[in-house]
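See below for the structure under consideration.
Position 1 is the first residue of the sequence; numbering continues from there.
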Amino acid sequence: MTGSLEAIRYKREGGHASLHLLEQRKLPLETEWLDISGPEAAWTAIRDMTVRGAPAIAISAALSLAVDLTNSGSGAQFADAGAAAAYITQQLDYLVTSRPTAVNLSIAAEALKSLAAARAGEAGASATGVTGAVVDACEQMLHEDVAANKAMGAHGAAALLAAAQARGRATDGRLRVLTHCNTGSLATAAYGTALGVIRSLHERGQLEHAYCCETRPYNQGARLTAYELVHDGLPSTLICDSAAAALMDAGKVDAVVVGADRIAANGDTANKIGTFCHAVAAHHHDVPFFVAAPTTTIDPQLDHGGLIPIEERSPEEITHFKGQRVAAEIRVWNPSFDVTPAQLIEGIITERGVVPKAPAGFDIRSWLAATSGAANGSSPAANGGAAKAVASAPAQKLATQPGFQALDCNTVKDYVAARPQLAKHVGSPDTKDSWTVREVGDGNINFVYILEGPAGALCVKQALPYVRCIGESWPLSQVRVRIEAEALAAEAAHCPQHVPAVYAYDARMCIIAMQYLAPPHIIVRKGLIEGRIYPRLAAHLAAFLADTLFHTSLLALPSDRFRSNIAQFTNVEMCRLTEQVIFTDPYYAAQHNRHTSPQLDADVAQLHADVAARVAASRLKAKFIEQQQALLHGDLHTGSIMATDETTYVIDPEFAYYGPMAFDLGKILANLLLAFFACDGHASEAAPRTEQRRWLLQCVRELWGGFRRRFVELWDLHSAKGDACAAPLFSGDSKEGAAAREAAQQQFLSELWADAVGFMGAVLVRRIVGVAHVADMDSIPGADVRAVCERRALRFGRRLLVEGAASFASVDALAEQAEAARDDGKQPHFPL
């Protein structure tokens, strides 16, 4: 065979553009080119695997948009620049849905959307200018991919040879290399990633033999990689996937190199199914195992591979051959990818060089930050200085996607003005100078900006890579922004009346733009400090908690969907933060703890010596980690609720995860109790706050009671959909089924209350002696007065934690004892 092998043919001349994709499903028997007229045709081609390979998918999708924009008028088809940017965003969002695991596509889409928005926001912007810039950028992706692949090939060839020779292999300077799936010219713009490394070895005279695996069930190795190897005249052999370990055992493999569809921040790598097996076999036989992929395949927002979404494909790919069923009627599991753990990977080869692996593993975020100015091998990593570059770079443990920028009150205006879909909520970009901006984030974690202009207002929330109330000395993953955006969507699906609308989520900038809740909406905690009463708060929160917790639990979901949700909302770092600050730090002299001193010194010392409290907190910590009941808000307190007399909105679910329902319930009830105990500190003879204290205790009663009633109602209506209580056993159609359901409900709610009591206690304790307090207490004037109120809350919290439901069997008993806890003979104390 002769000629340059290619899978993507694109041309633009005059006012016309064309894109043709090689129909790879028919290779090697037939060569057919498909005409791609626009994003719809590209979406189908990507989904059906006419084109495959993460880089090629991204390039094909982008060029399909370029064809559509060019052939439809090159911008003349749009009324203005804003309309052009909005259309481009819509088409890119659609294209991303074609293959969810391949991160290159989503990264390219975000970059092109940002470009369109930025050009649309410029003074004098035109639709032709916006479309022209986007088309040029799409075409540039094609050219840059080839250069990146050749740089990757050079880096990889050197790395494979060095690793093999360090193990006493390839002593003659020639390698026998195994690869999996297809990562060559048919999966990229040209040359390839892992196959590009093999090509580079061949060009250097350092390739003895290449082995390609067939790659079931789609046979990309047999159909495509073998085709490329034969086309280029490389010495090669095709083997069954299951023969790889035997080949290694026979001493015929010196190194393995594979591609990737997504790489997490710790180096865990998703690639075509079967890759993990080869990595295990290579590890057993001491064969170096490498991954080759462009940096666009790295997703630094994912802490580990368990967070990578894995696409499952049609069962017919396994059960049928040429339309004819060849397997028995049997259930099929057909994941398209698996995840190879980082510890099995020798090195990750990119166009910037090889990511260094320390004894503790890969630190990809720091490496990305240290090499962010590199292109196609120009970085220190490219000439062997990777480890030195990382060591000398500033510590940036939580660096995020390239292009991340922390906003302030000035730059947030530029950000919104450049994005028509956001600017419309504030005002046209040319009115930007008249917009006002306030930073209102009074929490411990994120920054929140309110932008107001002639068209209205917008709320923009950004997550920086650290805990706000501590600073950069306490890093915190920005993955929490994705979790929050998806949690808001899940909550809105079940309780839209109490969740603000989300307008946009920007993964690269770690931003959520959402509905501005205008005055008289106020953070409930602020209102409580001012002495306000919210007559509908308890009913609204009861509905929110019952609806969101029930509908995301196994009571309402089939087990496969339930397990998928658990994986989607795995929020490791935020959960670890909760585990530390609620269940561990308050019970010893932790570095960031604080309390009112010297007034509470003796109380804190007593707590630190309290064995029963330690045991109770640790038991709850285990439950917090182990019990995956439903999607929790994760940080539900009076500071994460905005309300008026008539409306209530729950905000800020960045701590969302699948955990025990009692945690959400216990946390909000504890915060109402904190407000209750703080009332005396804000009261006076002239304004004793008697009505507010009575209402707060009544709110505790009504919240639990309303939740209980609504949850049982949902259970009766919808539990047949879930797998927790199977309909044949718990249906109301029979006497036994109805009795069983009622007994299950009573037991469930009894256990839920008992756990909620314990969590209430843990939250009360941490808010008095831990790192993050509440303004209810901190705003009490005078340390002596504040300490009296805090001591009451601390002692009551300790009782809830240690004594639990044995002493607080009902919500009425809890409310009565909360009032009694104020009667300690100390001032301030105002009659109830």
Side-chain angles (χ1 to χ4, degrees), residues 524-525 528-529 531-534 537-538 541-542 545 582 586 600 603 607 613 616-617 620 636-638 662-683 688-708 752-769 773-777 780 785-832:
V524 167
R525 177 171 287 144
L528 295 179
I529 293 170
R532 297 189 188 187
I533 289 173
Y534 295 94
L537 181 67
L541 290 179
L545 284 163
I582 294 184
L600 295 184
D603 301 86
L607 177 67
L620 289 171
L636 187 58
H637 52 72
T638 53
F663 183 74
D664 265 4
L665 283 158
K667 195 157 197 184
I668 185 56
L669 292 171
N671 274 264
L672 294 172
L673 290 173
L674 283 164
F676 169 79
F677 285 114
C679 269
D680 281 316
H682 295 289
R689 296 206 176 190
T690 302
E691 185 180 356
Q692 188 190 36
R693 278 199 307 279
R694 287 175 179 163
W695 170 76
L696 282 165
L697 289 182
Q698 187 59 26
C699 193
V700 169
R701 294 185 179 96
E702 291 178 1
L703 199 162
W704 169 252
F707 167 84
R708 183 185 177 101
L752 187 62
W753 171 253
D755 289 339
V757 170
F759 284 124
M760 273 188 262
V763 171
L764 283 169
V765 169
R766 67 81 52 125
R767 288 299 192 183
I768 305 301
V769 303
H773 292 196
V774 289
D776 311 66
M777 293 293 186
I780 294 174
V785 173
R786 181 169 65 251
V788 169
C789 298
E790 289 178 329
R791 182 177 292 110
R792 292 168 180 165
L794 178 62
R795 290 178 176 176
F796 191 67
R798 192 266 177 195
R799 286 193 60 207
L800 290 168
L801 174 68
V802 174
E803 299 173 22
S807 296
F808 303 92
S810 68
V811 69
D812 288 332
L814 183 144
E816 291 170 5
Q817 293 190 59
E819 171 55 23
R822 293 177 57 243
D823 192 11
D824 58 0
K826 305 291 185 182
Q827 294 297 327
H829 181 275
F830 295 90
L832 186 61

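At a threshold of 4.5 Å between non-hydrogen side-chain atoms, the residues Thr638 and Ile668 count as touching. When side chains are defined from C-beta on, Val788 does not count as touching Gln827, because their heavy atoms never get closer than 4.5 Å. Put simply, the side chain of Asp664 does not reach to within 4.5 Å of the side chain of Phe707, judged on heavy atoms. Counting heavy atoms from C-beta outward, Arg799 and Phe808 have side chains that approach closer than 4.5 Å. Looking at heavy atoms from C-beta onward, Phe676 lies out of side-chain contact with Leu528 at the 4.5 angstrom threshold. Counting heavy atoms from C-beta outward, Asp603 and Arg795 have side chains that approach closer than 4.5 Å. Using a 4.5 Å cut-off on side-chain heavy atoms (C-beta onward), Val757 and Leu669 make no contact. In this structure the side chain of Arg767 never reaches within 4.5 angstrom of the side chain of Asp776, judged on heavy atoms.
Put simply, the side chain of Glu790 never gets that close to the backbone of Leu600: no donor and acceptor are under 3.5 Å apart. A distance-only check finds a donor-acceptor pair linking the side chain of Arg786 to the backbone of Ile780 [under 3.5 Å]. Although no hydrogens or angles enter the test, the distance criterion places a donor-acceptor pair under 3.5 Å between the side chain of Gln692 and the main chain of Arg532.
Across Gln817 and Ser807, no two heavy atoms sit closer than the pair NE2-O, 2.8 Å. Gly666 and Met760 make their closest contact through O-CG, 3.2 Å (heavy atoms, listed as atom of the first residue, atom of the second, distance). Scanning both residues, Ala538 and Glu702, for their nearest heavy atoms gives CB-CB, 3.7 Å. Heavy-atom minimum distance, Pro688 versus Ala683: O-CB, 3.4 Å. Of all heavy-atom pairs between Ala670 and Leu764, the closest is O-CD2, 3.7 Å. Counting all heavy atoms, side chain and backbone alike, Val785 lies closest to Gly681 at CG1-CA, 3.9 Å.
Arg792 has a carboxylate O that lies under 4.0 Å from a charged side-chain N of Asp680, or vice versa, which qualifies the two as a salt bridge.
If you take CZ on Arg701 and CG on Leu703, they are separated by 13.0 Å, rounding to the nearest 0.5 Å. Note that CG of Leu665 is 11.0 Å distant from CZ of Phe663, once rounded to the nearest 0.5 Å. Here the CD1 atom belonging to Ile533 is positioned 4.0 Å from the CD atom belonging to Glu691, to the nearest 0.5 angstrom. Interatomic distance, SG of Cys679 versus CZ of Arg694, reported as 12.5 Å (0.5 Å rounding). Atom CG of Leu814 and atom CH2 of Trp704 lie 11.5 Å apart (nearest 0.5 Å). Atoms CG and CG, on Leu801 and Leu607 in that order, are 8.5 Å from each other to the nearest 0.5 Å.
Taking the six-membered ring for Trp and thresholds of 30 and 60 degrees, Phe796 and Phe677 have ring planes inclined between 30 and 60 degrees apart.
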Go through it in stages, so that I can follow the logic: the residues are Leu636 and Leu545, the test is side chain to side chain contact (heavy atoms under 4.5 Å, CB included), and I'd like the CA-CA distance, side-chain angles, deciding distance and then a yes or no. CA-CA 10 Å; Leu636 187 58; Leu545 284 163; 3.5 Å; yes
May I have the step-by-step check of side chain to side chain contact (heavy atoms under 4.5 Å, CB included) for Ile582 and Lys667, ending in yes or no? CA-CA 11 Å; Ile582 294 184; Lys667 195 157 197 184; 4.1 Å; yes
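Side-chain atoms of Arg525 and Asn671 form a donor-acceptor pair, as typed in the model, at a separation below 3.5 Å.
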